[in-house]
Asks: 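The structure's right below; bear with me while I get my questions together.
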Amino acid sequence: MRRAQRYYPIIPVLVAYAMLLGYGLLFPGKWQLVAQLAFYCTLGQAFNLFMGMTGYVDFGYVAFIGIGTYGMAISIYYLYDKGLGLFIVVIGFILAAIFSTLLSLAVGAVALRLRGAYFAIATIGVNEGFRYLIEGARIWNGADGIIFSLHLKKAVGRETMMVLSTFWADVLVFTVAIAAAVLTLVFMRNKVGYALMALRMDEDAAKVMGINVTKYKIIAFITSATLAGLLGAAAWALKLTYIYPVDAFAIHYTVEAIIIVLLGGAGTLMGPIVGGLIYGVAKYFLAIVLPGFQLLIFAPIIITIIVIFPEGTVGILKKRVMGTALQKYII
Amino acid sequence: MLRVEKLESGYGPMQVLWGPDIEVKAGTITSLLGPNGAGKSTLLWTILGSVKTRQGRVLYKEEDVTHMQPHRKVDLGLAMVPEGKHLFKEMTVYENLVMGAYRRDAMARKEENLEMVYSMFPILAERQKQVAGSLSGGQQQMVTIGRALMTNPTLIMMDEPSQGLAPKLVMEIFETIEKMKREVGLTILLVEQNAAASLDAADYVYVMHEGSIKAEGTPEKIKASDDIKEAYLGL
């Protein structure tokens with residue numbers, strides 16, 4: 001019983017995602033908004049697993065989403081005529097996971113030797129470098145990208161393709177979000193979480209406690225990156241059915257991930273949902289009211305929030321419910 | 001218990017250690033003295049394995065542990081109290097101490113070690129639910145020492161434990177260190193800038209300068225040598 005109680009905080013997470021999904025199903029006109037919000041929540045949830053838990057900021061995060069997108073694109077583009085049907089989507093997800101895991105291993109092995117700001121600086125170059133590599137070396141069609149809508153249509157048929165990219169892609173994004181949340185909670189409730197918490201607060205102290213800090217940093221980094229790869233495969237590849245390196249490695253997605261995590265509360269379980277919803281809804285309405293000015297308005301808001309509430313929305317909430325019956329559910 | 005042979009290490013192009021030889025005998029307090037920048041802290045981090053060894057060997061309990069990873073050494077009973085108060089500031093005193101018992105062997109002895117720490121620092125028992133970052137400087141230092149004791153060590157390396165503390169607290173810290181040797185039976189390798197207090201507590205002394213050992217001997221011998229005191233210790 002007590003063991004089960006430790007996992008209660010997953011309940012509000014599931015309820016929140018179920019409500020968001022339910023809203024989209026009830027109001028088909030709002031499905032695009034729901035899909036957008038789900039993307040932001042998932043982005044935050046996956047990014048938080050590394051940034052929130054280790055305190056390291058990875059400015060090259062979008063590269064993992066991009067490479068995952070390519071994983072799916074390549075599967076569909078090259079295997080569409082092999083008679084595999086929907087199975088190419090499964091292969092796409094597997095490729096997305098493998099690509100993002102490998103890239104994160106390569107990046108992590110180098111960059112995770114650096115600490116704090118040096119790590120952040122080192123990672124800034126990753127996505128730019130990777131984009132130029134793909135464009136310059138003309139890997140996977142280079143700057144022309146991969147346009148695979150026809151391939152997908154041939155592989156699974158027109159009807160299936162429509163449902164896949166307008167409905168199931170978004171549902172799969174929700175799945176990635178829930179997977180990320182569950183993994184976050186499992187980490188938090190096990191040795192790995194204590195190790196990460198310790199190294200976030202003081203890496204030298206963690207080291208002399210006998211914590212293998214490198215190992216745990218790499219675990220968090222790879223997990224977070226692999227989830228990003230799956231997110232890219234679902235939210236970008238399956239949904240759009242094309243990919244250009246310019247979009248796949250656009251740094252502003254990394255910035256959005258950071259904003260969402262900070263708004264919601266770094267290192268909290270509910271934070272990315274709250275952050276993703278606030279950010280997504282605000283961006284949606286700002287785009288209607290003041291198109292083109294979103295970033296200009298967001299910048300001062302975010303600076304204010306970070307200065308006044310560094311622990312984020314859920315961070316504050318967590319303090320408020322301490323000692324009440326809600327304590328079990330909000331972390 | 002611990003022997004360092006011709007150890008060389010450094011950071012990037014800058015070599016810091018130029019082959020010091022050190023021996024720490026079981027059940028003693030061995031003191032490492034020397035001015036700022038002598039490489040004392042680097043020596044400790046190299047022994048732990050956080051700074052990579054380039055040349056030379058580290059032997060611990062007759063075993064070559066030169067290239068062993070730090071967390072494995074903690075398993076073997078090598079503990080370290082790093083310089084400056086490296087606390088988990090947002091955790092409570094109790095949580096900080098329990099973090100010390102992170103490794104499996106230490107966790108098995110958590111209760112007894114916790115009791116030992118509380119008997120050594122009764123104030124920590126009173127404050128166990130307080131957030132560590134809100135403690136006074138002296139109490140924070142007690143937490144870092146207590147946390148190192150929770151790792152269930154046989155040898156404990158302490159880097160400037162009296163740094164930044166009021167004179168009265170400095171005395172208390174040194175009393176604690178002697179108590180750790182006498183009552184708990186620990187072996188201690190102590191790095192200090194406070195030469196006077198350190199010479200009183202130590203069984204054996206090494207004087208380090210520019211990455212190598214310039215003098216060694218019993219505290220009496222070091223105290224008797226005006227040259228050493230003047231050149232390296234500022235006494």
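By convention in this document, chain letters (A, B, ...) are assigned in the order of the sequence lines, proteins followed by strands, and residues within each chain are numbered from 1. Just so it is clear, the model here is predicted, and its values are computed rather than measured.
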Asks: Of all residues at least two apart in sequence or in a different chain, which pass the ring-ring contact (aromatic ring centres under 6.0 Å, His included) check with A/Phe130?
Replies: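 If we apply the ring-ring contact (aromatic ring centres under 6.0 Å, His included) test to A/Phe130, skipping adjacent residues, the hits are A/Phe249.
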Asks: Output every pair passing salt bridge (charged side-chain N to carboxylate O under 4.0 Å, His left out) with a member in residues 56-69 of chain B, not counting sequence neighbours, ordered by first then second residue.
Replies: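 Only B/Glu5-B/Arg57, B/Arg57-B/Asp64 qualify under salt bridge (charged side-chain N to carboxylate O under 4.0 Å, His left out).
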Asks: Could you tabulate the donor-acceptor pairs under 3.5 Å formed by side-chain atoms of residues 114-121 of chain B, not counting sequence neighbours?
Replies:
residue	atom	partner	partner atom	Å
B/Tyr118	OH	B/Gln128	OE1	3.2
B/Ser119	OG	B/Met116	O	2.9

Asks: For B/Met157, is it the side chain, the backbone, both, or neither that has a heavy atom closer than 4.5 Å to a heavy atom of chain A?
Replies: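 Neither part, no heavy atoms under 4.5 Å.
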Asks: Only one of B/Val81, B/Leu48, B/Val74, B/Leu44 passes side chain to side chain contact (heavy atoms under 4.5 Å, CB included) with A/Val208; say which it is.
Replies: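 Result: among B/Val81, B/Leu48, B/Val74, B/Leu44, B/Leu48 is the only option passing the side chain to side chain contact (heavy atoms under 4.5 Å, CB included) with A/Val208.
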Asks: Check every N and O of chain B against chain A and note each donor-acceptor pair under 3.5 Å, with its distance.
Replies:
residue	atom	partner	partner atom	Å
B/Ser50	OG	A/Lys207	NZ	2.9
B/His71	NE2	A/Asn212	ND2	3.3
B/His86	ND1	A/Asp202	OD1	2.9
B/His86	ND1	A/Asp202	OD2	2.7
B/Tyr102	O	A/Lys191	NZ	3.0
B/Tyr102	OH	A/Lys191	O	3.3
B/Tyr102	OH	A/Tyr216	OH	3.1
B/Arg103	NH1	A/Gly210	O	3.0

Asks: At a heavy-atom separation under 4.5 Å, does B/Leu87 approach chain A through its side chain, its backbone, both, or neither?
Replies: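 Just its backbone gets close to chain A.
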Asks: Any idea which heavy atoms bring B/Gly100 and A/Met209 closest together, and the distance?
Replies: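 Looking at all heavy atoms of both residues, the closest pair is CA-SD, 3.3 Å.
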